[in-house]
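One structure is given here, and the rest of the page talks about it.
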Amino acid sequence: MEQRALGGLGLVVSAMGLGCMGMSEFYGPGDDAESIAVIHRALDLGVTLLDTADMYGPFTNERLVGRAIADRRDEVVLATKFGNERRPDGTRVGVNGRPEYVRSACDASLERLGVERIDLYYQHRVDKTVPIEETVGAMSELVAAGKVGYLGLSEASPSTLRRAHAVHPITALQTEYSLWTRDCEDEVLPAARELGVGFVAYSPLGRGFLTGRFTSQEDIPSGDFRAANPRFAGENLEANLALVSAVEEVAASTGCTAAQVALAWVLAQGDDIVPIPGTKRLGYLDDNLGALGVVLDESDLELLDRRIPKGATAGDRYADMSSIDR
């Protein structure tokens, strides 16, 4: 398994991680036994970076990951997040970056995960009512206490990232990045590189759309949050299918799957980028990891860049973009 460095403080992870969110929520019902089998197979194949968050479930995904790694802790770079505050019944409270909440959220995550230290601890969303210096200051206390190894931010703007990094080195910035979400290329990714911050790309398959699995809303499973996503609806969906055709064209010419092309494209954008495709199915896991063996040549990359240029995707990436720091 190829390894990649995140940031400049010594954190090294597998070139591709595993997003665990969908095992517990948002993508329809899951099966804990199969999800644990997926995590175990990922570890067997050399994946080290596992990504979860307290709000997934809520809270149940951390417990699931904790059970899966209980006897394999030394094989895992464990990443989790705080900041999207939810109640046990699933009610969303809001974004919370208050220092006292940072400390209590960390302790709760440690208990659910069954570990003594979180390797990479992210602020999931930026609390615009709390200065980032206060939030990261509290996060740095967790590092000093040995409860956290490295700090990360998710969906932070360049200015927020710079302010946070001045308080304590930020090891990783996690932001959506894929062939159909390329806006981070303008300012966010350059800022991360300027500061020496690693980049973790979530939803690198465009929430599955780039695999070619979705041709109409009827293809979206019951209870799946993609049914309310603007990019999967109406005229937007029809327009975005043209983007998928370019991915499928490269897949046909290279003898791999559309998912592998989409992931290989992300991997080709720099060795400081680590995609974390999520899945709860063993077959999809194997398909995704197969992208590590796919090398896109210049003609492939040129075709994808021409057919899926930055800004080509129809529709916002979330129905509510208010929590995204800009």
Side-chain angles (χ1 to χ4, degrees), residues 2-17 19 49 51 79 81 83 97 120-128 131-133 135-136 139 150-206 210 231 243 262-277 291 296 298 300-313 316-318 321-326:
E2 176 192 347
Q3 305 294 303
R4 293 189 168 186
L6 283 179
L9 299 179
L11 183 61
V12 176
V13 300
S14 52
M16 190 181 297
L49 179 60
D51 185 272
K81 315 178 199 73
L120 177 57
Y121 199 41
Y122 292 99
Q123 182 184 22
H124 204 165
R125 290 291 185 271
V126 175
D127 186 344
K128 299 170 187 177
I132 192 64
E133 291 83 359
T135 302
V136 175
M139 294 170 71
Y150 301 89
L151 302 185
L153 300 179
S154 180
E155 291 288 2
S157 68
S159 62
T160 298
L161 179 61
R162 290 189 178 95
R163 289 167 55 199
H165 196 68
V167 175
H168 187 282
I170 301 300
T171 290
L173 175 66
Q174 183 176 140
T175 295
E176 185 173 353
Y177 188 33
S178 69
L179 274 165
W180 83 339
T181 300
R182 299 181 57 180
D183 50 294
C184 66
E185 294 175 351
D186 289 332
E187 297 181 354
V188 175
L189 184 53
R193 286 175 166 160
E194 170 196 327
L195 297 170
V197 175
F199 195 94
V200 175
Y202 78 83
S203 293
L205 293 172
L210 296 172
R231 294 185 172 183
L243 309 182
L263 291 170
W265 181 87
V266 175
L267 289 163
Q269 302 313 301
D271 59 11
D272 56 346
I273 298 175
V274 176
I276 51 168
L296 301 176
E298 288 302 317
D300 296 326
L301 294 170
E302 189 279 330
L303 184 151
L304 292 169
D305 195 53
R306 175 167 43 83
R307 297 269 298 277
I308 315 177
K310 190 165 42 184
T313 311
D316 286 337
R317 51 195 180 97
Y318 289 106
M321 293 284 288
S322 63
S323 70
I324 303 300
D325 187 36
R326 303 181 192 224

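Note that these values count all heavy atoms, side chains included, but never hydrogens, waters or copies made by symmetry.
A pairwise comparison of heavy atoms in Ser154 and Tyr122 identifies N-CD2, 4.5 Å as the closest pair. The two residues Ala15 and Val274 make their nearest non-hydrogen contact at O-CG1, 3.5 Å. The minimum heavy-atom distance linking Leu161 with Ala191 is given by the pair CD2-C, 4.3 Å. When every heavy atom of Glu185 is checked against every heavy atom of Leu189, the shortest pair comes out as CA-CB, 4.4 Å. For the residue pair Trp180 and Gly206, the shortest heavy atom distance occurs at NE1-CA, 2.9 Å. Annotation for Leu179 and Ala262: closest pair CD1-CA, 4.2 Å, computed over non-hydrogen atoms.
Taken from SG in Cys184 to CZ in Phe199, the straight-line distance is 4.0 Å, to the nearest 0.5 Å. Taken to the nearest 0.5 Å, the CZ atom of Arg326 stands 9.5 Å off from the CD atom of Glu155. In this structure, OG1 in Thr175 is found 8.5 Å from CD1 in Ile324, a value given to the nearest 0.5 Å. Leu205 contributes atom CG, which lies 11.5 Å from atom CD1 of Ile276 (distance to the nearest 0.5 angstrom). A distance of 12.0 Å separates OG1 in Thr171 from CG in Leu195, rounded to the nearest 0.5 Å. Interatomic distance, OG1 of Thr181 versus CZ of Arg231, reported as 4.0 Å (0.5 Å rounding).
Residues passing the side-chain contact (heavy atoms from CB on, under 4.5 Å) test with Leu303 are Ala246, Glu249, Val250, Arg306, Arg307, sequence neighbours excluded. Residues meeting the side chain to side chain donor-acceptor pair (under 3.5 Å) test with Glu2, sequence neighbours left out: Arg4.
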Determine, step by step, whether Ser323 and Tyr318 satisfy the side-chain contact (heavy atoms from CB on, under 4.5 Å) criterion, reporting the C-alpha distance in whole Å, the side-chain angles of both residues, the deciding distance to 0.1 Å, and the verdict.
CA-CA 10 Å; Ser323 70; Tyr318 289 106; over 6 Å; no
Derivation and outcome, side-chain contact (heavy atoms from CB on, under 4.5 Å), residues Leu243 and Thr313
CA-CA 8 Å; Leu243 309 182; Thr313 311; 3.7 Å; yes
For Glu176 and Arg317: C-alpha separation, side-chain torsions, deciding distance, then whether side-chain contact (heavy atoms from CB on, under 4.5 Å) applies.
CA-CA 9 Å; Glu176 185 173 353; Arg317 51 195 180 97; 2.9 Å; yes
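Listed for the Thr135 side chain is a donor-acceptor partner under 3.5 Å among the backbone atoms of Gly97. Of the possible polar contacts, one joining the Asp325 side chain to the Ser157 backbone as a donor-acceptor pair under 3.5 Å is found. The closest donor-acceptor contact from the side chain of Arg182 to the backbone of Ile308 lies under 3.5 Å.
Looking at heavy atoms from C-beta onward, Ile170 lies in side-chain contact with Leu151 at the 4.5 angstrom threshold. His165 has its side chain out of reach of Val136: every pair of non-hydrogen atoms, C-beta onward, lies at least 4.5 Å apart. Side chains of Val13 and Leu120 form no contact here, defined as non-hydrogen atoms less than 4.5 Å apart.
When the shell of 6.0 Å around CD of Gln3 is examined, it contains more than 12 heavy atoms from other residues, nucleotides or ligands.
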N/O donor-acceptor pairs under 3.5 Å from side chains in residues 265-273, not counting sequence neighbours:
| from | atom 1 | to | atom 2 | distance (Å) |
| --- | --- | --- | --- | --- |
| Gln269 | NE2 | Trp265 | O | 2.8 |
| Asp272 | OD1 | Arg193 | NH2 | 3.0 |
| Asp272 | OD2 | Arg193 | NE | 2.7 |

